[in-house]
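Read through the structure below, which is laid out as structure tokens, and then see the notes.
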Amino acid sequence: MKRAFALTMTAILLCTVFVSCRQAKEASATTESAAKTSTTTTTMRTTEDLETTFEEAQTWHIYPALEKDEYGDYPYEISSYTTYYQTSNETRTTNIRNAVAKLDELCIPDGATFSFNQTVGKRTVLAGYEEAKIVKGDEFVDGLGGGICQVSSTVFQAALRANLNITVRACHSLEISYVPLGADATVQWNSQDFQFKNNSGCDIKLVVSASGGSLTCTIYAKEDVAPSDLKVDISKSGETYVLTRTVDGVENYHTDSKYQKPKETTTETTKA
């Protein structure tokens, strides 16, 4: 009797120890898993990261979304402008083509406003953008989306020659070379947009391409609204570049630009 009782108590004790060990092991595994989860969250920051999204920014009004119209009839070419880039610069070429893909075949209804940032979107790694030279302060540095401003500048020149109403435009802080000084339109997601309003009297469409080092924006229209006598002129007054547009001898747009020279950079070689 005593022997049976002793065996029973021993069995109960062993079960209790086993259960306690198992619970302790499971608790340890749960804690370890939680610790691993907390250390695997990574935030990727890029040169285009912002504290606010475009929709949250108070700088720009959000316009009705524009749609592409690949098969619509736009028989009249009212303007075209071409700039050139080096295809050997692969990352910059990639960025240019990504932006072009957003703009090509874009329809802008009569009276609608085109916003470059709203149409092209935020330049991110997930959107396919890579690092290339951008303007930062008084120098050119590697940054995500380098080359985008050549696209906005090319569109600016085409819109200018189509006699469209340029509503938002700014120049770079440093001298650039893909358009004449005074003819550029810089963009930056959180601080600077390029915009124009379609005041032509009919729907228009952008046809934009980038191939073989040539970047071209051509604007087509439903009606023949090309101005008969439009001239774009850039003159220099002191350190200011003055761009003017005249139609039939009457000035209807001008913008002033000032640039700095990029600072000289030196490369130091460290010897082991």
Side-chain angles (χ1 to χ4, degrees), residues 46-63 65-66 81 83 85 89 91-104 106 108 112-137 139-160 164-198 206 208 210 215-217 219 241 243 253 255-260 262:
T46 71
T47 56
E48 288 285 15
D49 280 346
L50 308 174
E51 294 180 357
T52 60
T53 64
F54 186 74
E55 289 77 6
E56 294 168 343
Q58 298 180 358
T59 308
W60 312 119
H61 176 74
I62 305 303
Y63 297 98
L66 302 176
Y81 195 83
T83 61
Y85 60 94
N89 189 333
T91 57
R92 195 171 189 277
T93 299
T94 295
N95 295 336
I96 288 174
R97 289 177 175 172
N98 281 338
V100 165
K102 294 286 189 178
L103 298 170
D104 189 34
L106 189 72
I108 307 171
T113 293
F114 165 86
S115 161
F116 186 91
N117 280 340
Q118 186 174 324
T119 302
V120 172
K122 187 176 180 180
R123 278 68 84 183
T124 66
V125 173
L126 291 178
Y129 289 96
E130 301 181 15
E131 287 198 349
K133 294 299 182 184
I134 63 171
V135 174
K136 183 178 181 180
E139 61 183 331
F140 289 96
V141 300
D142 287 332
L144 200 63
I148 294 299
C149 290
Q150 181 168 350
V151 181
S152 57
S153 297
T154 304
V155 176
F156 168 50
Q157 288 301 309
L160 195 65
L164 299 175
N165 182 16
I166 311 299
T167 55
V168 177
R169 174 266 172 188
C171 67
H172 289 79
S173 58
L174 300 181
E175 294 181 353
I176 45 82
S177 59
Y178 45 78
V179 291
L181 294 178
D184 57 319
T186 187
V187 289
Q188 186 177 9
W189 176 258
N190 60 330
S191 61
Q192 186 60 56
D193 199 7
F194 164 63
Q195 300 178 7
F196 66 81
K197 183 176 182 179
N198 178 11
L206 306 183
V208 190
L215 169 61
T216 300
C217 176
I219 301 179
Y241 292 83
L243 181 150
Y253 176 78
T255 183
D256 298 337
S257 306
K258 285 186 177 182
Y259 306 90
Q260 297 177 350

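All residue numbers refer to positions in the sequence shown, counting from 1.
Using modelled atom types, one side-chain atom of Thr167 and one backbone atom of Gln195 make a donor-acceptor pair closer than 3.5 Å. One N or O on the side chain of Ser152 and one on the backbone of Cys149 form a donor-acceptor pair closer than 3.5 Å. Asn95 contributes no side-chain N or O that, together with a main-chain N or O of Gly147, makes up a donor-acceptor pair within less than 3.5 Å. Using modelled atom types, no side-chain atom of Thr186 and backbone atom of Ala170 make a donor-acceptor pair closer than 3.5 Å.
Side-chain contact between Ile219 and Leu206 is present, with at least one heavy-atom pair separated by less than 4.5 Å. With contacts defined as side-chain heavy-atom distances shorter than 4.5 Å, the pair Val179/Tyr81 qualifies. Phe196 has its side chain within reach of Ile108: a pair of non-hydrogen atoms, C-beta onward, lies under 4.5 Å apart. Contact annotation: the side chain of Asn89 approaches that of Thr91 to within less than 4.5 Å [non-hydrogen atoms, C-beta and beyond]. A 4.5 Å side-chain heavy-atom check between Pro180 and Tyr241 finds every atom pair outside the cut-off. Residues Val120 and Val151 fail the side-chain proximity criterion, which asks for heavy atoms closer than 4.5 Å. Inter-residue side-chain proximity for Arg169 and Asp184 is flagged as met; some heavy-atom pair is nearer than 4.5 Å. Side-chain atoms of Asn198 and Phe114, non-hydrogen and from C-beta on, never get closer than 4.5 Å to each other.
The distance from the OH atom of Tyr63 to the NZ atom of Lys197 is 9.0 Å, given to the nearest 0.5 Å. The distance from the CH2 atom of Trp189 to the NZ atom of Lys122 is 7.5 Å, given to the nearest 0.5 Å. One finds the OG1 atom of Thr119 at 5.0 Å from the CG atom of Leu66 (value rounded to the nearest 0.5 Å). Here the straight-line distance linking atom CG of Asn117 with atom CD of Gln192 works out to 8.5 Å at 0.5 Å rounding. For the atom pair Phe156 CZ and Gln150 CD, the distance stands at 14.5 Å (nearest 0.5 Å). Between the OG atom in Ser173 and the CD atom in Gln260 there is a gap of 6.5 Å [rounded to 0.5 Å].
Between Tyr253 and the options Leu243, Asn165, Leu164, a side chain to side chain contact (heavy atoms under 4.5 Å, CB included) holds for only Leu243.
Scanning both residues, Ser257 and Gly182, for their nearest heavy atoms gives OG-CA, 3.7 Å. Listed here is the closest heavy atom pair of Ala210 and Ile96: CB-CG2, 3.9 Å. Listed here is the closest heavy atom pair of Leu174 and Tyr259: O-CD2, 3.3 Å. Residues Asp193 and Ser115 come closest through the heavy atom pair OD2-OG, 2.6 Å. The minimum heavy-atom distance between Ala99 and Tyr129, with the atom names listed, is N-OH, 3.6 Å. Looking at every heavy atom in both residues, Leu181 comes nearest to Ile176 through CD2-O, 3.5 Å.
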Can you check side chain to side chain contact (heavy atoms under 4.5 Å, CB included) on Phe116 and Val168, steps first, answer last?
CA-CA 10 Å; Phe116 186 91; Val168 177; over 6 Å; no
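Shown here are the side-chain hydrogen bond (donor to acceptor under 3.5 Å, both in side chains) partners of Gln157, two or more places apart in sequence or in another chain: Arg161.
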